[in-house]
Amino acid sequence: MTLTSPETGPGIFGGNPVAYDRGRPGYPSRIYTILQERCGVGPATTAFEIGSGTGQATRELLDLGLWSVMAIEPDERLAVFLSDNLGRTGGGRLEVLTSSFLDADLPEAAFDLGIAATAFHWVEPIAGLAKVRRLLRPGGWWAMWWSIFGDPGQPDEFQKASQPLFSIVDSSPFGGSGLHHALAVDRRIGELAAAGFEEIQHEAFRWTTVLSTDQVLALTATFSPVIRLAAGDRAHLMDGLKRIAQNDFGGSVTRTFITSIYTACRGLP
């Protein structure tokens, strides 16, 4: 699926940008250490970001002091939220483009860095990676990563207790029994190699966080399969999660998440 109109795909996330921004936890600091140490990101870096959403990764890029960030977001509601919340604090370094990535009119060989944070699964990989590579300067870097809100191989206790409730959704936000897109390492690396990238590396790491009952519900409300549920089914799911979080975990839920990142270089001529 490509990043297209607000009516399909990722467009479902724009209905309540404030709730989405509050519900999603940020990315681990390790991500930004990799960008600095492996990809050479710093104050002279010009970057583009695919599917910026409400700007969780965008904010961190600006905090790293990048020279400029082009945020590409297909949902006009999210793009407005991003511009309103980060445009003023970005000191003129942020530009927001409302477009799908494949339709975006961007200068080729103009960027030192491209990123996609839990977004590139919405882009057709062959055409998407070919365009990413064209946009990067020789020696420029690409980084794509995802956070999985549960560990498919080693589920935490809340994940075990609540998993049956998700039988009503079309796919599990915990990764399910199949191989999660972010953890299909051979396929993702193969796609990068086929696009002509070099110095391809992958790293996945687990991290834990403690969520209140309200935070559990807020995060769950941002999952695309949950957003697509009928109102009654969604209410039933949320009531069940609230009951488990309160009664079984005392309103303090320790969760285990996985973040999986791929980095690759365009290479020099």
Side-chain angles (χ1 to χ4, degrees), residues 1 10 13 20-39 49-61 115-123 125 142-167 169-192 200-212 215-227 237 241 244-245 249 252-264:
M1 179 179 289
F13 300 120
Y20 184 89
D21 191 54
R22 291 176 178 172
R24 289 266 169 151
Y27 296 103
S29 61
R30 173 65 183 156
I31 290 291
Y32 305 103
T33 298
I34 289 173
L35 294 183
Q36 291 173 296
E37 295 182 352
R38 188 180 303 165
C39 305
E49 181 187 1
I50 299 171
S52 304
T54 59
Q56 289 175 315
T58 320
R59 185 179 297 109
E60 297 293 338
L61 292 182
I115 75 161
T118 313
F120 202 69
H121 55 288
W122 296 110
V123 180
W142 166 242
M144 58 183 184
W145 67 86
W146 292 264
S147 281
I148 305 167
F149 301 110
D151 185 338
Q154 301 176 30
D156 58 50
E157 293 305 312
F158 182 80
Q159 185 175 335
K160 293 176 185 176
S162 60
Q163 183 68 73
L165 293 173
F166 288 91
S167 62
V169 303
D170 58 14
S171 62
S172 171
F174 301 142
S177 57
L179 189 60
H180 192 282
H181 182 93
L183 300 178
V185 178
D186 289 344
R187 180 172 295 183
R188 303 287 82 79
I189 289 178
E191 291 165 351
L192 289 164
I200 302 166
Q201 294 188 54
H202 169 255
E203 182 175 329
F205 46 93
R206 291 171 175 81
W207 50 286
T208 60
T209 187
V210 178
L211 304 178
S212 68
Q215 288 173 318
V216 168
L217 299 179
L219 173 59
T220 304
T222 70
F223 298 153
S224 56
V226 174
I227 296 172
L237 171 63
L241 291 174
I244 291 171
F249 294 86
S252 181
V253 179
T254 300
R255 296 300 325 279
T256 300
F257 299 154
I258 299 176
T259 297
S260 177
I261 180 171
Y262 299 80
T263 56

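Please read these numbers as outputs of a predicted model, since none were measured by experiment. Throughout, numbering of the chain's residues begins at 1 and tracks the sequence.
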Exercise for review: List in chain and number order the residues that pass side chain to side chain donor-acceptor pair (under 3.5 Å) with Tyr20, two or more places apart in sequence or in another chain; answer none if no residue qualifies.
Suggested key: none
Check your understanding: Within the distance-only criterion (no hydrogens, no angle test), does the side chain of Thr222 pair as donor or acceptor with the backbone N or O of Gly23 below 3.5 angstrom?
Key -> no
Exercise for review: Consider only side-chain N and O atoms of His121 and Trp146, and report whether a donor and an acceptor are under 3.5 Å apart.
Suggested key: yes
Exercise for review: Could you tell me whether a side-chain N or O of Gln56 sits under 3.5 Å from a main-chain N or O of Tyr27, the two making a donor and an acceptor?
Suggested key: no
Check your understanding: Would you call Thr256 and Gln154 a side-chain contact if the rule is heavy atoms closer than 4.5 Å?
Key -> no
Point to revise | Stepwise side-chain contact (heavy atoms from CB on, under 4.5 Å) check, Met144 with Val123 | key: CA-CA 12 Å; Met144 58 183 184; Val123 180; over 6 Å; no
Check your understanding: Do Pro152 and Ile258 have side chains that get closer than 4.5 Å, going by heavy atoms?
Key -> yes
**Study point:** Ala245: side chain to side chain contact (heavy atoms under 4.5 Å, CB included) partners, not counting sequence neighbours
**Key:** Phe158, Thr213, Val253
Revision key, fill the gap. Contacts of Glu203 meeting salt bridge (charged side-chain N to carboxylate O under 4.0 Å, His left out) (sequence neighbours excluded), chain-then-number -> Arg30, Arg38
Point to revise | Check: Trp142 and Phe120 side chains under 4.5 Å, non-hydrogen atoms | key: yes
Check your understanding: Are any non-hydrogen side-chain atoms of His202 and Leu192 less than 4.5 angstrom apart?
Key -> no
Exercise for review: Sequence neighbours left out, what passes side chain to side chain contact (heavy atoms under 4.5 Å, CB included) with Ala161? Give chain and number order.
Suggested key: Ile244, Phe249
Exercise for review: Identify, with sequence neighbours excluded, every residue that meets salt bridge (charged side-chain N to carboxylate O under 4.0 Å, His left out) alongside Arg22.
Suggested key: none
Check your understanding: Closest heavy-atom contact between Ile227 and Ala221?
Key -> CG1-O, 3.4 Å
Check your understanding: Under a 4.5 Å cut-off applied to non-hydrogen side-chain atoms, are Thr263 and Cys39 in contact?
Key -> yes
Review point. By salt bridge (charged side-chain N to carboxylate O under 4.0 Å, His left out), which residues pair with Glu191, not counting sequence neighbours?
Key: Arg188
Point to revise | Thr254 side chain reached by Asp156 side chain, heavy atoms, under 4.5 Å | key: no
Exercise for review: Taking all non-hydrogen atoms of both residues into account, name the closest pair between Val185 and Tyr262 and its distance.
Suggested key: CA-OH, 3.4 Å
Review point. By ring-ring contact (aromatic ring centres under 6.0 Å, His included), which residues pair with Phe257, not counting sequence neighbours?
Key: Phe149, Trp207
Exercise for review: To the nearest 0.5 angstrom, please state how far the CD1 atom of Ile148 sits from the NE2 atom of His181.
Suggested key: 10.0 Å
Practice item. Search all heavy atoms of Ala119 against all heavy atoms of Gly51 and return the closest pair with its distance. Key: CB-O, 3.8 Å
Point to revise | Residues which pass side chain to side chain contact (heavy atoms under 4.5 Å, CB included) with Ser212, listed by chain and number, not counting sequence neighbours | key: Asp214, Gln215
Exercise for review: Quick one: pull up CZ in Arg255 and CG in Leu211 and give me the separation to the nearest 0.5 Å.
Suggested key: 7.0 Å
Exercise for review: Please identify each residue that fulfils salt bridge (charged side-chain N to carboxylate O under 4.0 Å, His left out) with Arg24, with sequence neighbours left out.
Suggested key: none
Exercise for review: Taking all heavy atoms of Glu49 and all of Thr58, pick out the closest pair and write down the distance.
Suggested key: OE1-OG1, 2.5 Å
Point to revise | Nearest-0.5 Å distance that lies between atom CD1 in Ile115 and atom CG in Leu61 | key: 4.0 Å
